[in-house]
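Everything below concerns the one structure shown next.
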Protein chains: 2
Amino acid sequence: MKKKRISITDIAQALQVTPSTVSRALNGGGKVSEKKRQEIISLAKKLGYRPNPIAKSLLENRTNTIGLILPEFTHHFYSRVLAGIESVTSQAGYQLLICTSNENQNQEIKSTLTLLDARVDGILATISKMNDKFEHIQEVMDSGTPLVLVDRFSEEIETPYVISDDFKGAFSAVDYLCQIGCKNILHIKGPDNLSTTFNRFMGYKEALRKHEIEVKEELVLESSDPKLVEKIRFCLGDLHADGAFTYSDYLAFEIYKLAAELKITIPEELSVIGYADEPISTYINPTLSTVNQQPFEMGAMSANYLLNKINDSASPLEASRVDTKLILRESCRKMDG
Amino acid sequence: MKKKRISITDIAQALQVTPSTVSRALNGGGKVSEKKRQEIISLAKKLGYRPNPIAKSLLENRTNTIGLILPEFTHHFYSRVLAGIESVTSQAGYQLLICTSNENQNQEIKSTLTLLDARVDGILATISKMNDKFEHIQEVMDSGTPLVLVDRFSEEIETPYVISDDFKGAFSAVDYLCQIGCKNILHIKGPDNLSTTFNRFMGYKEALRKHEIEVKEELVLESSDPKLVEKIRFCLGDLHADGAFTYSDYLAFEIYKLAAELKITIPEELSVIGYADEPISTYINPTLSTVNQQPFEMGAMSANYLLNKINDSASPLEASRVDTKLILRESCRKMDG
DNA sequence: CTGTTAGCGCCTTCAA
DNA sequence: TTGAAGGCGCTAACAG
């Protein structure tokens, strides 16, 4: 049984004043005689009075709450994004209401409505992968609720977003591989239709172009390819790939396995760079070089954008790409090697 | 600028009736002429009316919101707990308000107050590791807000909890090692003062006892020991350990490294079992056997307890230990080996 | 069947 | 300096 919390009127009655007076005394706003103010404040403290934010919300039409929609929390990446967001919002005194979309558009739509119904002051969202409908997003914008997209965006949505700079991330990785002398660099692409897949592939190509290395089709594989394993084997063995850049760290592990099978040593004969800096990367042998996307910073930055937009609705439409960091570990030869 | 949402009174005015009538029509409760009901419903739909839950909260003194306090989200374990909780609460139509304690008691206290202020209908919490003060927890209970502890509990707190059965988990692992014929089983303990460390150690000892194997002090190490690496080397080399059970998967990886260094083959000469079933376990070579704690189920179960308690304040004080699952992978010899 | 009244807890005029 | 009144959006009790 939930106990009744003590309210402003309880204090007022006890002190034979009106609720208005108590309110003024507690909020410092109006003028209250110093004596009464002290009386009220001390009684409030004694009784453990805590204002009811719900009543205030009703009045002020704001909830001090931010809604968050993420596809899932299980991947390290999103849990770091969440941590970054949480650190900023809690610092700013906002609550965080979370929803999961499970990469399912219907759930995303449902979550959006839930958050809108809850009258959150703003929404942070990672739209699900296969997003073809945007009415729910439009609805958010129509409602005047500030919205910031995280990690993924769509050109059809005119709202601030914070994404990772996949192009640069991929470029920096492949550029490094070229610099240490790799000539035959394998790339395993990610899932189709994802802008990240596309951008990382672009970064790969651009780095090769910079170093005047031709892009060989046989060295570019698709992670969804049922014959992926055989093809990797072919690239490592017959094509003598001396470098590999993969869409994810997990794909890099596949390369590890096949390299071991083919007795190809990493990094002496093959330098490998993955993507995402999964915690695993430091635990496998040799430790994996990878591209860190700074997900915590991404979350924090998007939360800051949102808070700005909430507090100043005229704030400019910001959009940014968070820089990636190339993390070099044992899986790559050294620059001077 | 947040747009004014359309309210029950807007509809009432447009239709020349009173808000009460609209309320009744929409909630099906009282009697309203079928004609008016249809009019009202259709206008509400047309205008995109959605009830304001804040107003309802104020009235009903419930928010349909559950508060969650976790130490952090970054570890796979907690992100799975969170996922489990989320799946249950969202299914039940509750919102989830989340706070982080960062294993810091002051932050935990602050979060607790925040949630209490927010008038959540119930709280799920993993109390921080070093917990010596329980006033804030007591305050939650005094307030009548249902509380369920997750993953960790204290005997000083009389409230339902859901924790993992560390004893059984450890027992099952070491029992298996004994069954496949290991005689010298190394154990690396977790951080001091943690009940999980203690319970897993107990499980280890009990399994040895069952198989009439003596517990050798030299084979029990502490993860915090600065000389841990040397000691492991001594156990594997000089003491010819043929089995290892570690407090965490990460500690198991340390064993992997040293076994490789000492040219000890896993699983032929040494069988290893970790704890937690980190995603990494399936990516290292050989894949790691481990104890899965079913964190998702743990989260789901605790959320269910909480919902029960919310809906029936007289519900019995439930407490349970979630069963663990021994996951056998390549790092252990087979039973018939 | 429908309107009136009152109130959830708080704050903000407006009067006194 | 303080009190009274009104209202945020909604519902419930009571009239009519």
Side-chain angles (χ1 to χ4, degrees), chain A residues 1-41 43-44 47-65 116-121 143-144, chain B residues 1-41 43-44 47-65 116-121 143-144:
Chain A
M1 200 39 223
K2 232 169 167 173
K3 263 183 213 138
K4 198 189 156 304
R5 299 279 224 105
I6 101 120
S7 83
I8 219 170
T9 14
D10 297 329
I11 300 184
Q13 282 180 348
L15 258 37
Q16 303 280 31
V17 292
T18 54
S20 328
T21 310
V22 178
S23 170
R24 278 186 287 249
L26 260 24
N27 295 312
K31 304 111 208 279
V32 189
S33 71
E34 197 47 36
K35 179 161 165 282
K36 275 203 173 141
R37 150 168 284 123
Q38 290 308 333
E39 270 183 22
I40 290 172
I41 290 183
L43 182 62
L47 261 40
Y49 167 76
R50 318 224 81 212
N52 185 335
I54 299 182
K56 216 185 270 185
S57 291
L58 192 56
L59 210 51
E60 299 175 354
N61 202 29
R62 51 198 289 291
T63 54
N64 248 275
T65 302
L116 241 29
D117 279 354
R119 268 51 172 190
V120 294
D121 295 338
S143 79
Chain B
M1 201 40 224
K2 233 170 169 173
K3 263 185 215 138
K4 199 189 155 302
R5 298 281 223 104
I6 102 122
S7 83
I8 220 169
T9 13
D10 297 329
I11 301 184
Q13 282 181 347
L15 260 36
Q16 304 280 30
V17 294
T18 53
S20 328
T21 309
V22 177
S23 170
R24 277 186 288 247
L26 261 25
N27 296 313
K31 306 111 207 276
V32 188
S33 71
E34 198 47 35
K35 181 161 165 281
K36 276 207 171 136
R37 150 169 283 123
Q38 290 309 332
E39 269 182 23
I40 291 172
I41 290 183
L43 182 62
L47 262 39
Y49 168 77
R50 317 226 83 214
N52 185 335
I54 300 183
K56 216 186 269 186
S57 291
L58 191 57
L59 209 53
E60 299 176 356
N61 203 29
R62 52 197 289 289
T63 54
N64 248 274
T65 302
L116 241 30
D117 278 355
R119 269 48 173 190
V120 294
D121 295 339
S143 78

Quiz item: Rounded to the nearest 0.5 Å, how far does CG of Asn27(B) lie from CD1 of Ile8(B)?
Solution: 6.5 Å

Quiz item: In whole angstroms, how far is the P atom of dC10(D) from the CG atom of Leu26(B)?
Solution: 9 Å

Quiz prompt | Rounded distance (Å) that lies between atom P of dG3(C) and atom CD1 of Ile11(B) | solution = 14 Å

Self-check item: Any donor-acceptor N/O pair, Arg37(B) side chain to Lys35(B) backbone, under 3.5 Å
Solution: no

Exercise. Please name all residues satisfying side-chain contact (heavy atoms from CB on, under 4.5 Å) with Leu15(A), sequence neighbours left out, ordered by chain then number.
Key: Ile11(A), Val17(A), Glu39(A), Ile40(A), Leu43(A)

Quiz item: Out of curiosity, Asp117(B) CG to Arg5(A) CZ, how far, rounded to the nearest 0.5 Å?
Solution: 6.0 Å

Self-check item: Separation of dT2(D) P from Glu34(A) CD (nearest whole Å)
Solution: 11 Å

Self-check item: Heavy-atom side-chain contact between Leu26(A) and Ile41(A) under 4.5 Å
Solution: yes

Quiz item: So how far off straight is the helix from dC1(C)-dG16(D) to dA16(C)-dT1(D), going by the axes through five pairs at either end, to 10°?
Solution: 60°

Quiz item: If you measure only the distance, is there a donor-acceptor pair under 3.5 Å linking the side chains of Ser20(A) and Ser23(A)?
Solution: no

Exercise. Over all heavy atoms of both residues, which pair between Arg50(B) and Arg119(A) is shortest? Give the atoms and the distance, please.
Key: O-NH2, 3.6 Å

Quiz item: Leu15(A) CG to dG3(D) P: how many Å, rounded?
Solution: 10 Å

Quiz item: What nucleic acid atoms does Ser33(A) come within less than 4.0 Å of, heavy atoms only: base, sugar-phosphate, or nothing?
Solution: sugar-phosphate

Practice problem: Can you tell me the distance, in whole Å, between the NZ atom of Lys35(B) and the P atom of dC1(C)? | Solution: 13 Å

Self-check item: Residues, nucleotides or ligands: over 12 heavy atoms within 6.0 Å of Lys4(A) NZ
Solution: yes

Quiz item: If the sugar-phosphate is the primed atoms plus P, OP1 and OP2 and the base is the rest, what is the B/S/- string for nucleotides 9-16 of chain C, using protein heavy atoms under 4.0 Å?
Solution: BBSBB---

Quiz item: Does Lys36(A) make a side-chain N or O approach to OP1 or OP2 of dT2(D) shorter than 4.0 Å?
Solution: yes

Exercise. Supply the atom-to-atom distance Ile54(A) CD1 to Asn61(B) CG, rounded to the nearest 0.5 angstrom.
Key: 7.5 Å

Quiz item: Is the phosphate of dT2(C), meaning OP1 or OP2, less than 4.0 Å from a side-chain N or O of Thr18(B)?
Solution: no

